[in-house]
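Note that this is a predicted model, so its numbers are computed, not measured.
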Amino acid sequence: MLTKHIRPSKVDQVLHTHLLLQKLKHPHKSSPKLWNLLTLQTTVAHSEGSKERFKNSKSLCYKLAQICCLGVSVFSLVLCLLSYFYWYRNGWSDEGLVTLLDLALRTLAWGTLCVYLRTQLFNSVQNLVSDIVSVVSGLFFCYVGFFGKNEGEDTLLEEPLLNGDSSNEAESNKSKGNENVTPYLNAGFFSILTFSWMGPLITIGNKKTLDLEDVPQLGPSDSVFGAFPNFKNKLEAECGTSNGVTTLKLTKALIFSAWKEVLLTAFLVIMNTLASYVGPYFIDNFVQYLNGRRSYKNEGYVLVSVFFAAKLVECLAQRHWFFRVQQVGIRVRSVLIIMIYNKGLTLSCQSKQGHTSGEIINFMTVDADRIGDFSWYMHETWMVLVQIVIALLLLYRNVGLASIAALIATVFVMLANVPLGKLQEKFQDKIMESKDKRMKATSEILRNMRILKLQGWEMKFLAKIMEFRKTEAGWLKKYVYTSAMTSFVFWGAPTFVSVVTFGACMLMGIPLESGKILSALATFRILQEPIYSLPDTISMVAQTKVSLDRIASFLRLDDLQPDVIERLPRGSSDTAIEIIDGKFSWDLSSSNPTLKDINVKIQHGMRVAVCGTVGSGKSSLLSCILGEVPKISGIVKLCGTKAFVAQSPWIQSGKIEENILFGMEMEREKYETVLEACCLKKDLEILPFGDQTVIGERGINLSGGQKQRIQIARALYQDADIYLFDDPFSAVDAHTGSHLFKECLLGLLRPKTVVYVTHQVEFLPAADLILVMKDGRITQAGKYSDILNSGTDFMELVGAHEKALSALDSTEAGSVSESTSEEAGNMASTNGVVQKQEDKDVQNGKADDVVGSKGQIIQEEEREKGKVGLSVYWKYITMAYGGALVPIILLAQVLFQTLQIGSNYWMAWATPISQDVKPAVSSSTLIIVYVSLAIGSSFCILVRAMLIGTAGFKTASQLFSKMHFCIFRAPMSFFDATPSGRIISRASTDQSTVDLRMQYLVSSFAFSMIQLLGIIAVMSQVAWQVFIVFIPVIATCIWYQQHYIPSARELSRLVGVCKAPVIQHFAETLSGASTIRSFDEESRFRDKNMKLADANSRPRFNIAGAMEWLCFRLDVLSAITFVFSLVFLVSIPEGVIDPGIAGLAVTYGLNLNMLLAWVIWNLCQMENKIISVERIFQYSSIPSEPPLVIEESRPDHFWPSHGEVDIRDLQVRYAPHMPLVIRGLTCTFPGGLKTGIVGRTGSGKSTLIQALFRIVEPAAGQIMIDGINISLIGLHDLRSRLSIIPQDPTMFEGTVRSNLDPLEEYTDEQIWEALDKCQLGDEVRKKEGRLDSTVSENGENWSVGQRQLVCLGRVLLKKSKVLVLDEATASVDTATDNLIQQTLRQHFSNCTVITIAHRITSVLDSDMVLLLSNGLIEEYDSPTRLLENKSSSFAQLVAEYTVRANSSFGK
């Protein structure tokens, strides 16, 4: 700061010395000079001659003095500002204040002197301007040099001091992001006025890539934690319950929750509108002034200062209006997201069935966003009227009654816009509808990609998506061309209105003068904005109304009935669960209730088993205890806390530890006990990060058994009073199942109340009460021994089980049980066998495969860093027709600009300055030329708009097809490692940007550049000296823009990255809502969602601030340029320049700041949005699977005819850097025989099947089927000839027909036949639509067992020679299992059947058994031979199973 103190005084001294020297050099001149100063006014008045003489002889000296004064003044001003900012940043001190005051006074003193010399001494010195220019630009370069150098020094000096320890920096940054609240909260008045509070963040963004940690937290009023309670109170005050929400009430609540900002922005809007009309109002005066009509002294300077002041007010009002409006938008958006999320948590199942999760997520992503964006248009509705009224008053002042013609023309243009707006809105609606359908299909397909690949159906489903896209594209095309027409109307509007107005003037005989014409032209240009934005506003209002309606109707949906369950206080009753005369139905409208006549009373500490055939209502019984099923009549009482384990595991993405703790505090000892009981210790040792391993979406990197065990661990850790298990033992192998049953149900949960659904008869004897269900009724209840003899339903189940066991040849079973009978007394004995097994079994196939040394399966979402490469723009521009349309579009724009300027130039030149001057051309010529130029320019616009539409549409379609083709051809590993949210956000958000926004952004950047050049050309026509200021100003603008872009770009990317977690968390919540509710964890999930919503708003808020920070600075710079050119025009002597043309330059100059800001804004918007294109390109270059069909090596039509599978030295790993999972397997599965594959979890069973279907490619070795190496033929040829019944039964949304035969290859007869074979025929005949009866998302309206049977039906239709069963019978009861086995025996007797089984019984009747351990073959022989050898591992497994099945646990 010292230098700043010294410099001004030195300069002062220099100047004083200079003036003294002047005096000393010419002593005879110095006294007249002083004398002249004092008596100048009288002299000037009296003696014209002396004035001339005086001017010629002494002008040099005064000019020098005056310029020096000006220089010192400006220099002091610069230093003053610099000091101000320096002290402002670093805190004030007395010294600072003194310095500042000193500099300010100096600026004033020298400035006053300069002005005094100027006004008194010269009136028409033309050189003055160029002098000022040179001084100003010199000073400007000094300033830049000084400023730049200063920054450099600072960094050199500060860096080492600040970063004493670089590792510390990361730490402090992390906490900083979480603790530091936005500087906006505590910013001073000037800082808020000029947006300087954004400075620090933008500077950080320049030094490093911004991360979320660097982005400050929101202030209390903008954060959801402050805004949501406020909004909720307003909404509840409006409508009481959530079911009374109407669109109007929702809107009122939203407005009232932000009323202060709404009023403030309204005031700013009015200020901005008034200020924008000051220019057009005074242009006529300005032209008259240049023409020599001066009303008073210094009128020119007064006009200039009025222009400048108006510009400043306009700029400030607009910047703050835009910022506040975005602030409101961000707040409204987050509040709605929270509302929708909270509603999603409490929705009843019936309401949920009306909306798929995709649709509900759309409320959050699309509708909430759109309502947030509406804040931009909030004031446009009434602002349009204000603008039009002011414009007409101005016109009336200039052209009298012709303004009525202008009004009519304006109204006409607006009306022309209405049908276009309506059409656009209709098309927009249709686009949204078809997009909803497409996204629904996409998300379902991504969820089930594994099945599609296994069945070889992915291309068929891609075609389905392409069909959806085709309808969407049809509407899109219409939308794009309607937009082109709208754009034509927009650009043509000012020209049309002006043609009408001037024509009316001619007809009415109103004299046209160039000043008035220019004023009118400027007014028309301002009118263009409201005329254009009206249809846009109308369509936004309509779209927002649609979105508000959708959200309000969603908020009105029925919640779960809160009164289904009577909760008794803990310990107040002996009864844990009691249901009296319960009647429940999932669908209240159906005549047939799901559960009827339910009477159950369960005491504390009882174990209750629920069994029954598939679809008998077992899961529904548990759901009604949880309060999930709507109650028709009856009473349900619950005493105590509850925990629930669902049939299909629900796992959150996140660490395994977080999944088990599920919001509870960590207690090490309890945690370890739970892991032990759930057999998770081994699995965690194998996983690369133990319990810190991050689980992929829907637990993708865990095997079914692991997911189920984690789910059980989560329930155990909660330490609840009542436990509800929905058949969790079916997904794990026999040994683990019995261990879980023993450790959890009979061990840890012995004192608790447990209700478990099971299909395994061996778990029934341990129960205190068994409920047998059939068709929604409890048909039998009692202990095992009591009901075994009393009824038929139970007998059926047990009988089926006995039958399966008897398949173990009695003698063998006898001998085996003898050999193990010594140990049978205590269950632990088998653990000896097991221990031996498990030591060998160190590798957990499934988990190990996918997660490897590289680290977590789910990597951080990749976001490109730094600048978006030019190659992305180039690829985007040249995508449609190789870029052939681009030059034509640019040419049309250049022509349009030239004709536009030409027509205005013509008007300014051809009309007289004032009434007493003779016009240059006749009035008819004037109008004819003007009209023809106008028509030409309109035609250019039409061509341009149409071509942009065409090119944009074509590009969007190509990008879509390319990306989707790449995604569908990607290998399975890509889907395992990529959460579907990331793919979906590219297919929806990014694709939308490319469909509807991108082409306009790229083109409007080009157009605004061309327009800017046009304006510069016009201004330089009048005064080329403008360039002297223009070049430094442009340089500064570019510098600012470069300074701003890195931060803005990273913030934009952060918005994209922060949006996915919100969606993913919501999607997870929706799918696991019943689990979350059963653990009473709703509030924790709501909190997490609020945090995520805030994290998403943080970058958005700062983007808005940064945008205005930049625009404010650009506006001020362009205002300076404009004022400079005005000063120049005022200073030059009369008659040097044609006032009309000078006026034209001013008219264009009025638009300069808008345009400059527009160019930069377009550039920034384009840079931000091109990221969408970049993200789509990213997914258009995923490496794909091997080809689907290889023409040279297609197998013949009948292959595989025999079905022999020959595996030779097979080695498989999931990724190049991971360990082998199958480590050199050699064996042959003979054709037409049944082979069972058994082995502990993780021995490589599933991997072997994946290798057979080439989901994973072998690392070495080969698999031959009937002598053909499967690696040499196309994937489709391979997969379509093999059949599989997968572990998780999958159904797609659609009909029964489309589920069985998606490729439409079979007739209805064949389909019915298959349904009858798999015992579903009667079930389907009962439904109204029969084969066309609907299947909801994920097949939710079918039970898991029925879905399994549908998968069986698919296989029966396909009739392949090779059939794989992957633990297919895990989720069905023993009776249904026997049925499936029987069907398979009957219809696949001469096929190769490969079974991976958990139930030993399903392998016993195989021809061969393959026992895998650790990726190697341990035993491979026929079951009888293996059982004869008592020491074989298989014999031990069977023994274990028999012991378990015959013993009754815990009795």
Side-chain angles (χ1 to χ4, degrees), residues 355-367 369 430-453 455 457-476 653 696-698 700 861 956-972 974-996 1056 1059-1060 1062-1064 1066-1068 1070-1071 1172 1175-1180 1182 1184-1185 1290-1294 1298-1299 1302 1335-1340:
H355 294 275
T356 60
S357 53
E359 281 174 40
I360 299 177
I361 290 170
N362 253 352
F363 292 137
M364 186 181 268
T365 51
V366 180
D367 294 310
D369 263 11
K430 294 287 189 187
I431 290 173
M432 280 310 296
E433 253 173 58
S434 37
K435 184 178 163 193
D436 275 354
K437 281 188 195 150
R438 170 171 68 82
M439 288 318 300
K440 206 158 120 183
T442 309
S443 61
E444 184 174 54
I445 287 169
L446 290 175
R447 263 201 310 272
N448 301 316
M449 193 47 106
R450 185 175 294 271
I451 297 295
L452 297 183
K453 295 255 182 219
Q455 301 275 15
W457 287 345
E458 68 267 53
M459 290 339 255
K460 173 69 184 175
F461 278 78
L462 175 61
K464 196 164 138 188
I465 287 205
M466 285 310 190
E467 266 313 298
F468 283 128
R469 172 67 184 180
K470 207 168 155 190
T471 9
E472 187 185 351
W475 293 116
L476 182 64
S653 46
E697 194 177 17
R698 298 190 313 283
I700 197 125
E861 173 152 17
S957 304
Q958 281 182 345
L959 281 173
F960 181 88
S961 317
K962 215 167 162 185
M963 173 172 79
H964 278 70
F965 183 72
C966 271
I967 290 174
F968 275 72
R969 289 289 290 112
M972 207 50 230
F974 168 76
F975 297 97
D976 287 343
T978 312
S980 58
R982 289 182 198 171
I983 305 177
I984 286 176
S985 78
R986 280 174 175 77
S988 62
T989 323
D990 295 327
Q991 185 63 44
S992 269
T993 305
V994 175
D995 283 346
L996 301 169
K1059 192 171 178 177
V1062 178
I1063 301 172
Q1064 195 181 333
F1066 188 36
E1068 268 179 7
L1070 282 175
S1071 61
S1172 286
R1175 282 163 56 101
I1176 288 179
F1177 280 148
Q1178 216 178 34
Y1179 275 18
S1180 303
I1182 310 166
S1184 69
E1185 287 187 304
T1290 310
M1291 287 177 81
F1292 301 94
E1293 188 163 1
S1298 70
N1299 263 291
V1335 175
S1336 66
E1337 196 179 13
N1338 286 340
E1340 294 292 344

Note to self: Tell me which one of Lys435, Arg438, Arg469 satisfies salt bridge (Lys or Arg N to Asp or Glu O under 4.0 Å) with Asp995.
What the structure shows: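 Checked Lys435, Arg438, Arg469 against Asp995; only one passes salt bridge (Lys or Arg N to Asp or Glu O under 4.0 Å): Arg469.
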Item checked: Set of residues satisfying side chain to side chain donor-acceptor pair (under 3.5 Å) with respect to Thr989, sequence neighbours excluded -> none
Next item on the list: Start with the C-alpha distance between Tyr1179 and Arg982, add both sets of side-chain angles, then the distance that settles side-chain contact (heavy atoms from CB on, under 4.5 Å), and finish with yes or no.
Entry: CA-CA 10 Å; Tyr1179 275 18; Arg982 289 182 198 171; 3.9 Å; yes
Check: Is Glu458 close to Glu1185 at the side-chain level, that is, under 4.5 Å between some pair of heavy atoms?
Finding: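 In short, these two side chains touch, coming nearer than 4.5 Å.
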Check: Looking at side-chain heavy atoms only, is the closest gap between Ile1176 and Phe960 below 4.5 Å?
Finding: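 Of all side-chain heavy-atom pairs linking Phe960 with Ile1176, none is under 4.5 Å.
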Between [X] and [Y], which heavy-atom pair has the shortest distance, and what is it?
{"X": "Lys460", "Y": "Pro1302", "value": "CE-O, 3.2 Å"}
{"X": "Ile984", "Y": "Ser443", "value": "CD1-CB, 3.4 Å"}
{"X": "Ile983", "Y": "Ile967", "value": "CG2-CD1, 3.5 Å"}
{"X": "Ser434", "Y": "Glu472", "value": "OG-CA, 3.5 Å"}
{"X": "Asn1299", "Y": "Trp457", "value": "O-CH2, 4.4 Å"}
{"X": "Ser1180", "Y": "Cys966", "value": "O-SG, 3.0 Å"}

Margin query: Could you go through Lys1059 and Asp369, starting from their C-alpha distance and side-chain angles, then the distance that decides it, and tell me whether this counts as salt bridge (Lys or Arg N to Asp or Glu O under 4.0 Å)?
Written below: CA-CA 11 Å; Lys1059 192 171 178 177; Asp369 263 11; 3.1 Å; yes
What distance do [X] atom [atom1] and [Y] atom [atom2] have between them, rounded to the nearest 0.5 Å?
{"X": "Phe468", "Y": "Lys440", "atom1": "CZ", "atom2": "NZ", "value": "8.5 Å"}
{"X": "Asn448", "Y": "Lys453", "atom1": "CG", "atom2": "NZ", "value": "13.0 Å"}
{"X": "Gln991", "Y": "His964", "atom1": "CD", "atom2": "NE2", "value": "7.0 Å"}
{"X": "Thr471", "Y": "Met466", "atom1": "OG1", "atom2": "CE", "value": "12.0 Å"}
{"X": "Thr365", "Y": "Ile360", "atom1": "OG1", "atom2": "CD1", "value": "12.0 Å"}
{"X": "Ile431", "Y": "Leu476", "atom1": "CD1", "atom2": "CG", "value": "5.0 Å"}

Checklist line | Identified side-chain contact (heavy atoms from CB on, under 4.5 Å) partner of Phe1066 from the options Ile1063, Val1062, Leu1070 | finding: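 For Phe1066, the side-chain contact (heavy atoms from CB on, under 4.5 Å) test succeeds with only one of Ile1063, Val1062, Leu1070, which is Leu1070.
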Check: Do you see a donor-acceptor pair shorter than 3.5 Å between the side chains of Asn362 and Asp436?
Finding: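 The answer is yes; a qualifying pair exists.
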Checklist line | Polar contact flag, side-chain donor to acceptor under 3.5 angstrom, Ser1172-Arg986 | finding: no
Next item on the list: State whether Phe975 and Arg450 meet the cation-pi test: NZ (Lys) or CZ (Arg) under 6.0 Å from the six-membered ring centroid, and within 45° of the perpendicular axis.
Entry: no
Margin query: Before we go on, tell me: are the rings of Phe1292 and Phe461 under 6.0 Å apart, centre to centre?
Written below: yes
Notebook entry, point to check: Does Arg969 use its side chain to pair, donor to acceptor, with the backbone of Ser1184 at less than 3.5 Å?
Noted result: no
Notebook entry, point to check: Would you say Phe965 has more than 12 foreign heavy atoms packed within less than 6.0 Å of its CZ?
Noted result: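 Atom CZ in Phe965 is not crowded, with 12 or fewer foreign heavy atoms closer than 6.0 Å.
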